[in-house]
Amino acid sequence: MIESKIDDSLRAKYRSLLPRELLEVFDEKYKQFTDVQVLAGLPLLTHNDAVVESPTGSGKTLAFALPALAIMKRKGKFAANEMGAVILSPSRELSAQIARMMEPFAAALNYKVQVSVGGKKVEQDMKKLKMQGCDILVSTPGRLYQILSIDKSGEFRRSLRSVEVLILDEADRFNESQFEIHMKEILSALPKQRRSGLFSATQAKEQEDLGMFMLREPKFVKLQESESLVQPTALNNFYTVVEADQKLMCCVDFIRQKPDKKFLVFFPSCACVQYFHMILKHVLTKRPLLAVHGKNSLKQRSDQIAKFVSSSNGVMLSTDVMSRGIDIADIDWVVQFEIPKASSWFVHRTGRTGRQGREGNALLLLANEQAAYVEFVSKHEKVILKEIKVKSTTVQKAEELRQKIQRIIGTDRGILEAGSKAFVTHIESYVKHDCNIVCSLKELNVPGLAHAYGILRLPKMRELSGRADLDKFKRSDVDTSTIKYANEKMESQRKGIMEKKHEKKVEFLKKKAAEKKLKDKRKMKKGKGAGSAENGAAAERADGKKNGKVAVKRKATSDIAEEVDDFEADARLMRKMKKGKLKKKMATSSPKTPVQSLQRAAANASRSPSTPSISGSTTNEDTDLTKRVTRFAVEVWNLTQNWLDAAGTAASSAENVMNRRLQIMYAKDTEASGSQSGILTKDERLRIYDDIVREVRKVDTQLDRMQKIIGKFGTAQTRADAYKQMIDKQGNAGRKAKWIVETLNKNVPLAIEMYSKELESKRLLWWDVGRVDSSALFSAAILSFKHEPFVNSAVITALYSLIVLESI
Ligand SMILES: Nc1ncnc2c1ncn2[C@@H]1O[C@H](COP(=O)(O)OP(=O)(O)OP(=O)(O)O)[C@@H](O)[C@H]1O
């Protein structure tokens, strides 16, 4: 075990506060309390709340479990419908592990520990709690929230009134937005007169973040293995830098080189774990290969973990579901395929090895362009990484692996789809991590990463639009439509769907041909009324109905043929485009910015059959009205452009704020005069602060501008409604005017709704940025200004189609 830094008198004092029954169980299994157990236990047992930060594997579970039980013991026995302690952890596995560790101690005091986590029916859990009794509930916030939500009789809430202790394990996670609603509800159901303990290897950086937990006289306990390090001393942290294309090969080589070691490999998403599990099965054939992610059922997860625990050289692929708290003592190596979403997660991931005084090793795989992450994590998490080289990995081996993966993909459409999904989620998660300044998506070698995935096609993603480097991706010649599902049921379903689609298309084309036939017939009739055509009609009658029918029928068939040809031509064009044969043409004509692409989409929309043709105007229509509503449509469109401009300006000001802030963060602290690299003089610092204030004001101004634009949309809505009433009354409005007014009436309210949501989310993020000095929040705010998640392109397209029509 790790060497102790506290003196024996403290340890003795802590022992004296624990009940004899607990000490008996403890002494049977362990020699002495770890430092965190003593230092966290003392405040909790002397009527204080505690916020505890201590390295991974330092024994935090017993550090809260023993004091919680001791506090309960002071109260005595709990009635059948009363609970004494609630322990919350962020994952199902961790909850189960906590309960397992607590059980022998709880049993010594005759207390019952129950676990309630997702994956099982909540009603079943409630029944179990009621029937079997529960003194200590270990749960996840989501599940406890669920129980509270269905507790109509209030019986469960009443049982919480007796709770003496609330423990949050991995407490820094409970500030995350996904837990916020759950935590509010849970905290409101618990008595205020309780002890609370917040435990983690990385605590929230801001004390303000602890506000929601309503702590009473909290004592802050922070343990570090050494002054500069947060990681356990028995843990060696390594990194290696390779070309993005070689990342998977490097990972595989590294694992192969250590055939008797147990590996835990982290990937960025469930989809990535699923995909690489499918692939690596065929690559790491000599090792037990396991996978755990949030989309597994509870049973699958525990089966996989059990197999991993019992294997001596297993390789477990996992998401961050395994990154916190999980205590598997003999993991030799933790590998991170990608940087984690927040630097604090680095510490939790690597903390799965080097536990209980054993030596542990962790490897971070970095692509060339990510090398700056090493300094970032050392600065932010005080983790020192040493570089190692995986010499066996070569360009040729990586290419051979890529080709092997492509052959595997060719055997099953399921793997093909899983690959695309995995790659998409990888990119999506990459834009969300907290070190954008050193590892931005812009810098990432995306084609290289795609090669490491071995995917046949580069999925189209908004995040990648406008990138110039995508043509470096080696696109496979395989026609993906020929790849079948290995699963027969899925394949027959796919066939069925394809056949149905085909039938629908044929039906549609037939219908169109019939309509056209009818139209032509009517036209002919009209023409005949004028004399000569009538003769023709007579002639046709004379020729006999049958012949006429045949003629029309022939025409209809040829129409169908033409339409089918058109359709096939389109399909051919699409196929060509997909194969890259029309790449050049596409490059010149493809939209470069989101606005351009919207404009293109809008232009297409204006050509669509649902758009009335201008020439379809009736002679007596009110042309003046048409002009007026057309001008009005242009005004509305201009509002969308003003909004874009405001969001763009705000984004660049927010970026300026972030850059200035980073300049200060990374600068060395000195009063020295003269500016050298990395050193800021006092004047320079003051200038940067001035810049920050100015740019922050600019963002605020743009947010106000957006509010005004929404107000103008409100006025536009009233005007659109007035036009509608006028048109309804007047009766002689042209089709174009009607269509414009209808489109505006439908889309302006939608625009108000989406822009209001946009503004609200931007304001909230910006407000948080001011409150909490966090890079992740900054990135989120900048992204929200840039990408505008609530803006619905269909609405913009509809509004743009009105002005496209105007310009025809
Ligand atoms: N006093 C002790 N003496 C020896 N071993 C201990 C002691 N207390 C706990 N352990 C063991 O140390 C291991 C790590 O404990 P625990 O999982 O509680 O660590 P942790 O600090 O919560 O880690 P993490 O931050 O990763 O969740 C467990 O296997 C546990 O049985």
Side-chain angles (χ1 to χ4, degrees), residues 1-6 8 10-12 14-15 18 22-41 50-69 87-105 138 140 167-174 197-203 221-225 229-235 264 266 305 309 318 320-331 334 340 344-360 362 381 383:
M1 209 60 218
I2 300 153
E3 203 185 309
S4 172
K5 289 188 183 119
I6 58 169
D8 286 346
L10 276 183
R11 204 165 261 118
Y14 178 54
R15 274 188 84 89
L18 288 174
L22 294 185
L23 289 172
E24 278 171 11
V25 180
F26 181 85
D27 291 337
E28 247 177 53
K29 203 167 174 204
Y30 306 103
K31 273 196 197 130
Q32 66 169 24
F33 292 110
T34 63
D35 290 5
V36 68
Q37 288 163 359
V38 177
L39 295 176
V51 180
V52 182
E53 180 174 324
S54 177
T56 52
S58 56
K60 290 188 288 297
T61 315
L62 288 189
F64 59 72
L66 299 185
L69 288 163
I87 297 171
L88 294 177
S89 94
S91 79
R92 300 170 186 185
E93 284 72 21
L94 186 52
S95 299
Q97 185 181 290
I98 292 169
R100 268 199 310 277
M101 217 181 257
M102 262 188 110
E103 253 151 18
F105 295 94
V138 189
T140 53
I167 299 292
L168 305 180
D169 193 16
E170 307 296 343
D172 55 324
R173 286 216 57 198
F174 292 86
L198 274 59
F199 288 74
S200 186
T202 53
Q203 281 292 2
V221 177
K222 186 166 177 164
L223 275 101
Q224 287 179 343
E225 291 302 321
L229 296 179
V230 78
Q231 71 199 55
T233 38
L235 172 60
L264 175 60
F266 285 104
I305 292 175
V309 169
S318 176
D320 277 311
V321 76
M322 290 282 281
S323 69
R324 285 177 177 253
I326 300 300
D327 185 44
I328 302 173
D330 59 348
I331 295 175
V334 163
S344 61
W345 288 75
F346 183 97
V347 174
H348 293 278
R349 283 177 169 190
T350 56
R352 296 317 101 209
T353 180
R355 297 176 78 78
Q356 300 176 43
R358 281 174 62 110
E359 189 186 292
E381 300 303 326
V383 175

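Whatever order the structure lists ligands and atoms in, that order sets their numbers, starting from 1. Here the structure is a predicted model, which is why all the values come from computation and not from measurement.
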Hey, is [X] one of the residues with a heavy atom under 4.0 angstrom from ligand 1?
X    : value
R324 : no
H348 : no
P55  : yes
G57  : yes
S58  : yes
K31  : no

Is G59 close to ligand 1, meaning an N/O of one under 3.5 Å from an N/O of the other?
->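 Between G59 and ligand 1, an N or O pair is found under 3.5 Å apart.
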
Could you check which of F64, F26, Y30 puts a non-hydrogen atom nearest to atom 4 (C) of ligand 1?
->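 Nearest option to atom 4 (C) of ligand 1, by heavy atoms: Y30.
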
Name the option, out of L223, L62, D327, that contains the heavy atom nearest to atom 29 (O) of ligand 1.
->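 Residue with the shortest heavy-atom distance to the ligand atom: D327.
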
Looking at [Y] and [X], is there a salt bridge between them, counting it only when a charged N and a carboxylate O are closer than 4.0 Å?
X    : Y    : value
R11  : D35  : yes
D327 : K60  : no
R349 : D320 : yes

Within the 4.5 Å heavy-atom criterion, are [X] and [Y] side-chain neighbours or not?
X    : Y    : value
L62  : F105 : yes
I167 : L88  : no
R324 : S89  : no

Region of Q32 that comes within reach of ligand 1 [heavy atoms, distance under 4.0 Å] |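 Under 4.0 Å from ligand 1, Q32 contributes backbone atoms alone.
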
Would you mind telling me if ligand 1 is within reach of the side chain of Q37, the backbone, both or neither, using heavy atoms under 4.0 Å?
->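 The part of Q37 near ligand 1 is the side chain, not the backbone.
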
List every atom of ligand 1 that sits less than 4.0 Å from any heavy atom of [X], numbering the atoms from 1 in the order shown and giving each element.
X    : value
T56  : 23 (O), 24 (P), 25 (O), 26 (O)
R355 : 14 (C), 16 (P), 17 (O), 19 (O), 20 (P), 23 (O), 24 (P), 26 (O)
E170 : 27 (O)
T61  : 16 (P), 17 (O), 18 (O), 22 (O)

Roughly how far, to the nearest 0.5 Å, is the NZ atom of K31 from the CZ atom of F26?
->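 Between F26 CZ and K31 NZ, I get 11.5 Å after rounding to 0.5 Å.
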
Nearest 0.5 Å please: distance from the CG atom of L22 over to the CG atom of L66.
->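 Answer for the CG-CG pair, L22 versus L66, is 6.0 Å.
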
So, R352 side chain and S323 main chain: donor-acceptor pair closer than 3.5 Å or not?
->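 Yes; judged by distance alone, with no hydrogens or angles, the pair exists.
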
Decide whether S95 and T140 meet the rule of one side-chain donor and one side-chain acceptor closer than 3.5 Å.
->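 Not at all, the side chains of S95 and T140 share no donor-acceptor pair under 3.5 Å.
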
